[in-house]
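Atom set for the values below is all heavy atoms of this structure, side chains included, hydrogens, waters and symmetry mates excluded. The structure displayed is predicted, hence computed values, not measured ones.
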Amino acid sequence: MIASVIVDVPAKQIDRTFDYLVPESLHAVVRRGIRVVVPFGPRKIQGFILSIKDETTIKNLKPIEEVVDIEPVLNDELLSLSEWLTEQTLCYRISALQVMLPAAMKAKYNKYFHLLDDHDIPVKIKSLFEKESPLTWKTADAHHALKDLQELIRQRKVEMRYVVKQSANVKKVRIVELSNEDIEVSGNAKKQLLIIEELKKTGGKLSVPALKELTDATSAVIKTMIDKGILIESYDEQYRDPFSQRTFDKTEHFKLTDDQQKAITPILEKVNSFEQQTFLLHGVTGSGKTEIYLQTIDQVLKQERQAIMLVPEISLTPQMVQRFKGRFGDQVAVMHSGLSVGEKYDEWRKIHRGEVNVVVGARSAIFAPFKRLGVIIIDEEHEMSYKQEDSPRYHARDVAIERSNRHGCPVILGSATPSLESFARAKKGNYQLLELEYRMNNQDMPEVKVVDMREELREGNRSMFSRDLLEEIAKRIEKKEQIVLFLNRRGYSSFIMCRDCGTVMQCPHCEVSLTYHRSKESMKCHYCGHEEYVPNECPECTSEHIRYFGTGTQKVEEELFKLMPHVRTIRMDVDTTSKKGSHEKLLNAFGRGEADILLGTQMIAKGLDFPNITLVGVLSADTMLHLPDFRASEKTFQLLTQVSGRAGRHEKTGEVIIQTYTPEHFSIELAKSQHYEWFYQKEMMMRKTAQYPPFYYISLITISHENVNKAAGVCSEIADILKAKLTDQSIILGPVASPIAKIQDKYRYQCMIKYKNEPELKSLLKKILDQYSHTGKDAVSINIDVQPYMMM
DNA sequence: AGCACGCCGACT
DNA sequence: GTCGGCGTGCTC
């Protein structure tokens, strides 16, 4: 019996199967989709069994060392999906397999030195082994002992062993129970008697932490009882439950409005007939998309099938978790970046074991190992976070459609502001368009006011708040209503500049300006993490007039405090929400009315839904508009529409104030009238003229190298190859320097391909990738994104 | 990606 | 004459 294995080495030459002999003892367990540990050269590594066969042309087969799983971790569908993913995104097969599993299941590798013969070995080495045996590579390296050890290995006095460890860890809890033996306990041992009593009361078995809680006993007491044989200890697997502290109120179906009923009918038809169909559910905020999702899932569950619901960064919407857990109880697994590695692993195991039937999660939840999918839902379909930016560079929407084809089930893409690609496909009939035109309860859309900041400046207002905004803020505070202030991106544009010579402090390794961080009085690079203190004098002209410019959230907070010292503000940005759970804590505090103003970046644009918010202010609508990205207008429109949706979601009507320097720009004008269809028409015209998606597909090749000329040269070679091989209907742009020309001391050049129909492109790109991804002295690093969302 | 093997410069 | 630099090639 022979197994074909994909090993855990992401490299060009290793990107294929290797055959291994299956030892007799493992015949019963070894199957496709099981992880194994195999010898690979001198070391041992983890791998996935892709197939089992009887013969091979390879001589000198090595045997599989051990199996990691009893049950396959990837089923046939996911294994074949990984093949599709490899072809689609031009990634290594191992990366495609790895991305489908929680991070906890990635192997860890350790090297240990074992002492075989301690005669005639250096004193230094001997003492190391006395302190630690086996000796880890790390300590050996720390004591500069690797050289000596290498020599001892040659003399066969020391051996190096490679150990594959699972970073996955099943949480175990210690359980104690009463033994059957009748052992006398002295009347003085009050704690022991109490423990026995408690155990009898609860059926004879309790976890140690629970027992300690109940009886206030110490570990010592329990240990004594185990040693005496009164108690028997054992271990039990346990799930880490991130929601254990919370209860979810059971919620019932809402009665659907006619509008909603009209939308859900065709979806349920496809669910019932087991047919694939992609629906684009277009409905403004508050039009009741979530209830449609919930009732569709309900139908799917009745058929004993399963559902995947994707949301962008779910930790940001505890309210969404609430709604799902409330409706479906413990049938729901939750998967998002806010969970610890162990928690994610546990949620995954619940899915894998079939203990839950619904998963609500971020991008990677699209790979949930369900066997009978009944529906896949992608909420806020237009969100960029559905595209993974490193290998495998997949878009969750594409994976969803691919999986739905394999399972015969519908996909629902929901959004108030669909991506142009999706809306165009819906108009063409590739997707079925479902419109929700009315808000539930017939609420009015909030009134949106655009303030021209140039006008403010002309009239002598040089602050970052327009007079209108300040006035409205004051009004709400008087009425005890709440306000959300929105600012683009953390520390965006809060660069540091010398006022005398205009020098802007830049990262020495990347071509970006450093961002000022008040808390540490330092400047940080957002691309490589480089950090340094703000200099006392300008490195160029030695002037001392150094100050920071731009408006970070911290600065807004300060200004706000200067203008209205009595106003309570909660600031939400990366700095204040980095700690686990702090995000929710801040939001809850705001929900309880502990602050008047919620000030934040991107992260507050989604999901928050508090009845008392009646004013939303966007401090600078155009920061995003001027990014070097053809989707800049689309993103601005989506963001403004979404932010506006935060105001007046309940009885009180809301108002939105958008501050901008370009009020005439159509994405700002149309965000004001909240007219998606007009925006779509206008933006489509722009895209057509500029030859961008959805009229053209694009692919992006990025070359990076320490030497500028090398990077540019290779990129130009590649452009030439493309020009020669592709049809003349395709457009090849570049090579040009990447918008971020240097990251971590490597210069970046890129080349963009725009095409409509180029059946050979994938294989050509694969060829180029092979040709240039060799490892050598002057090797460049090459990256290909087949369908990029970030142009940087 | 690692790791070993192997072929040329600066030292005891 | 040896130690050690890192170029080259292989991993079932």
Quiz prompt | salt bridge (Lys or Arg N to Asp or Glu O under 4.0 Å) assessment of A:Lys725 paired with A:Glu760 | solution = CA-CA 9 Å; A:Lys725 294 273 168 80; A:Glu760 297 302 312; over 6 Å; no
Between A:Glu421 and A:Lys387, does any NZ, NE, NH1 or NH2 come within less than 4.0 Å of an OD or OE carboxylate oxygen?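 Looking at A:Lys387 and A:Glu421, the cut-off is not met.
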Pairing of A:Arg349 and A:Asp346 as salt bridge, 4.0 angstrom limit: yes
Note: contacts of residues 146-153 of chain A with DNA chain C (heavy atom, under 4.0 Å) are none
Here the salt bridge (Lys or Arg N to Asp or Glu O under 4.0 Å) pairs for residues 130-145 of chain A, sequence neighbours left out, are none
For residues 92-102 of chain A, the salt bridge (Lys or Arg N to Asp or Glu O under 4.0 Å) pairs (sequence neighbours left out) are none
With a 4.0 Å cut-off (strictly under) to non-hydrogen atoms of chain A, the first and last hit nts on DNA chain B, 5' to 3', are B:dA1 to B:dC3
Any side-chain donor near an acceptor of the partner, A:Glu355 and A:Tyr239, under 3.5 Å | yes
Donor-acceptor pair between A:Asp15 and A:Gln13 side chains, under 3.5 angstrom: no
Please write out the pairs of protein N or O atoms and N or O atoms of nucleotides 9-12 of chain C separated by less than 3.5 Å, giving the distance to one decimal.
residue: C:dT11; atom: O3'; partner: A:Gly41; partner atom: N; Å: 3.0
residue: C:dC12; atom: OP1; partner: A:Tyr20; partner atom: OH; Å: 3.3
residue: C:dC12; atom: OP1; partner: A:Pro39; partner atom: O; Å: 3.1
residue: C:dC12; atom: OP2; partner: A:Lys62; partner atom: NZ; Å: 2.4
residue: C:dC12; atom: O3'; partner: A:Asp19; partner atom: O; Å: 2.9
residue: C:dC12; atom: O3'; partner: A:Lys62; partner atom: N; Å: 2.7
residue: C:dC12; atom: O2; partner: A:Asp19; partner atom: N; Å: 2.7
residue: C:dC12; atom: N4; partner: A:Arg16; partner atom: NH1; Å: 3.1
residue: C:dC12; atom: N4; partner: A:Arg16; partner atom: NH2; Å: 3.3

| query | Using 30° and 60° as the class limits, which term best fits the ring planes of A:Phe18 and A:Phe40: parallel, tilted or perpendicular? | reply | perpendicular
Hits for ring-ring contact (aromatic ring centres under 6.0 Å, His included) against A:Tyr696, two or more places apart or cross-chain, chain-then-number order -> none
**Message:** Main chain of A:Lys524, side chain of A:Glu531: is a donor-acceptor contact present, judged purely on distance under 3.5 Å?
**Reply:** no
Taking any heavy-atom pair under 4.0 Å as a contact, classify A:Lys44: base, sugar-phosphate, or nothing. nothing
Once you apply a heavy-atom cut-off of 4.0 Å, does A:Tyr162 come out as touching a base, just sugar-phosphate, or nothing? sugar-phosphate
